Amino acid sequence: MKTRAAVATAPQTDLEIRDVELDAPRADELQVRIVASGVCHTDAIVRDQWYPVPLPSVLGHEGAGIVEAVGSDVQGFKAGDKVVLGPAYCGRCEQCLAGHPMFCVNFYDRNFGGGRADGSKSFSDDSGEISSHFFGQSSFAEHTNVVASGAVKVPDDAPLDLLGPLGCGIMTGSGAVLNVLQPQPGSSVAVFGTGAVGMSGMLAAKAAGATTIIMVDIVPERLEFAKELGATHTVNSKETDPVEAIKEITGGGVEYALDTTGVPPVFAQMTKSLATRGHGALVGAAKLGTEAPFDIGTLLLSGIKISMVVEGDAVPQEFIPRLIALHAAGTFPFDKLTKSYAFEDINQAFADSANGTTLKPIIVF
Ligand code: NAD
Ligand code: ZN
């Protein structure tokens, strides 16, 4: 069928909205009419080839839409179902079977491979094939074929123009906190980076009952906004040493911490700001090969734990409905992070995300 898609063609270059051909969904796929798709920092770094997804490519991995066709092997979905799209995973490896599909041993190939497992691509135009199946979905398109096992069915009255980011950015920050760090009520949490991922982590920490929530960033407006959304303390790490500040606020160190920046010196700050037997998690992405300094001499005695976390270590089919329920109950107001853009304005959405004026852009088709 004919559809329209935003195509990434080269690093640091605007996406091109093109008329493209979409092939038929395979037996294990759904064809979905995308209603809205969030824009994540990961779309920008893949456009810029930090991860070498073959270009040209249709990116987008926070899609929400309506099922239009169902592959012959797919069970549990019918045309007309509303879905939020999560990452692809094989469902058969030891990590998937152990309940950690975001650590699927085939995760990289399935999500960054540029097409289906058999090498085929869903999109093409006169210039040739265009990479598809980014995170199993390539949601910057009016219609797309998605891996059915990554789709999450949501209620008929669910607001699809809002929910796409639950499939990546929002799930990443909140899942790292709720699934991995698991702060106790009354505990202390520090979050480095106040983008959509960090703010989701903050909202999750608040929902979990943490009572000291420290947000660290270098952009004063973002810190101000973090305070409005519930941070008990903010630290501008351009002006103040965040390790000293966190130790002072918490009386010695913070129990749980999250680095959403992927900046090596910030990761080091996180490790140093933890309390004895504290737990820190890294979710911020860095170029492959990036190393961070880590004082193993001093930190051995601290008993701290560090986790590397992909997509909040969530099972999206279980976790996304819980986030929707928390949002409906008013305890997880992630809608305050979002701003809508028309499809034609997708490059403006990327620019506003990069320059920090919008935390979580959502493209509405
Ligand atoms: P963002 O760019 O909106 O937020 C990053 C924040 O970090 C910004 O507010 C920025 O000012 C702040 N920052 C940058 N350098 C800093 C420094 N030196 N000290 C303190 N703060 C600093 O991005 P986002 O959408 O919130 O995503 C955050 C990261 O998470 C990105 O790297 C993204 O690629 C990654 N990500 C990872 C996963 C995963 O599965 N692990 C999933 C989604 C996104
Ligand atoms: Zn993402």
Side-chain angles (χ1 to χ4, degrees), residues 37-48 50-51 59-63 85-87 101-104 107-108 111-112 134-137 139-140 164-176 179-180 190-203 214-226 234-243 245-246 257-270 273 281-287 290 292 307-314 316 334 337-339 349-361:
S37 176
V39 174
C40 173
H41 190 78
T42 307
D43 294 306
I45 65 179
V46 170
R47 177 200 61 190
D48 296 343
W50 287 22
Y51 299 149
L59 302 176
H61 62 285
E62 294 185 348
L85 305 175
M102 301 300 102
F103 291 100
C104 170
F107 193 89
Y108 191 88
N111 293 291
F112 298 93
F134 182 55
F135 278 81
Q137 54 181 280
S139 59
F140 293 153
L166 295 182
C168 180
I170 308 288
M171 174 164 83
T172 291
S174 59
N179 298 328
V180 179
V191 178
F192 294 79
T194 58
V197 173
M199 294 289 205
S200 314
M202 179 190 82
L203 294 176
I214 307 163
M215 300 298 287
V216 182
D217 207 295
I218 48 181
V219 180
E221 296 77 21
R222 287 199 163 191
L223 290 169
E224 201 52 50
F225 188 47
T234 58
V235 178
N236 184 337
S237 55
K238 231 181 198 167
E239 294 165 354
T240 309
D241 177 355
V243 177
I246 289 169
L258 183 64
D259 177 10
T260 73
T261 71
V263 174
V266 177
F267 178 81
Q269 287 162 1
M270 177 180 78
S273 68
L282 173 73
V283 297
K287 278 186 183 159
T290 305
S307 297
M308 303 287 159
V309 186
V310 173
E311 300 291 340
D313 195 9
F334 75 93
L337 310 177
T338 67
K339 182 177 169 190
F350 271 69
D352 289 355
S353 171
N355 69 29
T357 50
T358 300
L359 282 175
K360 175 53 73 182

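Worth saying up front: this structure is predicted, and the values here are computed from it rather than measured. In this chain, numbering begins with 1 at the start of the sequence shown. Both ligands and their constituent atoms are indexed starting at 1 by order of listing.
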Exercise for the section: Around atom 32 (O) of ligand 1, find the nearest protein heavy atom and jot down its residue, atom name and distance. Expected result: Ala285 N, 3.0 Å

Exercise for the section: May I ask you to decide if Lys360's main-chain N or O and Lys339's side chain share a donor-acceptor pair within less than 3.5 Å? Expected result: no

Problem - Candidate with minimal heavy-atom separation from atom 3 (O) of ligand 1, of Arg222, Met308, Gln269 - result: Arg222

Exercise for the section: Using modelled atom types only, decide if a donor and an acceptor are shared between the side chain of Glu311 and the backbone of Met102 within a distance under 3.5 Å. Expected result: no

Exercise for the section: Could you find the nearest protein heavy atom to atom 26 (O) of ligand 1 and give me its residue, atom name and distance? Expected result: Val197 N, 3.0 Å

Completion exercise
Ranking Thr261, Val283, Thr260, Val39 by closest non-hydrogen atom to atom 13 (N) of ligand 1, top hit is Thr261

Practice task
Give the residue and atom name of whichever protein heavy atom lies nearest to atom 18 (N) of ligand 1, and the separation in Å to one decimal.
Solution key: Val266 CG2, 3.4 Å

Completion exercise
Nearest non-hydrogen contact to atom 42 (C) of ligand 1 from the set Ile218, Thr172, Leu359, Val263 belongs to Thr172

Handout entry: ligand 1 to Gly193 polar contact by distance, N or O atoms, under 3.5 Å
Key = no

Handout entry: Closest protein heavy atom to atom 40 (O) of ligand 1, given as residue, atom name and distance to 0.1 Å
Key = Glu311 N, 2.7 Å

Problem - Contact atoms of ligand 1, heavy-atom distance to Thr194 under 4.0 Å - result: 6 (C), 9 (O)

Handout entry: Top protein contact for atom 2 (O) of ligand 1, by heavy-atom distance
Key = His41 ND1, 3.6 Å

Exercise for the section: Would you please name every residue forming a side-chain hydrogen bond (donor to acceptor under 3.5 Å, both in side chains) with Ser353, sequence neighbours left out? Expected result: none

Practice task
May I ask which of Gly201, Pro265, Cys168, Ser237 has a heavy atom nearer to atom 20 (C) of ligand 1 than the others do?
Solution key: Ser237

Practice task
Would you indicate whether the side-chain heavy atoms of Phe140 and Phe134 approach each other to under 4.5 Å?
Solution key: no

Fill in the blank from the handout: Taking every heavy atom of Ile214 against every heavy atom of Val235, the minimum-distance pair comes out as CG2-CG2, 3.9 Å

Problem - Atoms of the protein (N/O/S only) found under 2.8 Å from the Zn ion (ligand 2) - result: Cys40 SG, His61 NE2, Cys168 SG

Handout entry: Ala286, portion touching ligand 1 at heavy-atom distance under 4.0 Å
Key = neither

Problem - Note, Val216 side chain near Val266 side chain (heavy atom, < 4.5 Å) - result: no

Handout entry: Gly284 backbone acceptor or donor facing Thr260 side chain under 3.5 Å
Key = no

Practice task
Quick one: look up the protein heavy atom nearest atom 4 (O) of ligand 1 and list residue, atom name and how far away it is.
Solution key: Gly195 CA, 3.4 Å

Problem - Candidate with minimal heavy-atom separation from atom 34 (O) of ligand 1, of Asp313, Val309, Val235, Thr42 - result: Thr42

Problem - Ala196-ligand 1 polar pair, N/O distance under 3.5 Å - result: yes

Problem - Shortest protein heavy-atom distance from atom 12 (C) of ligand 1, along with the residue and atom involved - result: Asp217 OD2, 3.3 Å

Practice task
Could you please spell out the steps behind the side chain to side chain contact (heavy atoms under 4.5 Å, CB included) verdict for Phe334 and Ser174?
Solution key: CA-CA 10 Å; Phe334 75 93; Ser174 59; over 6 Å; no

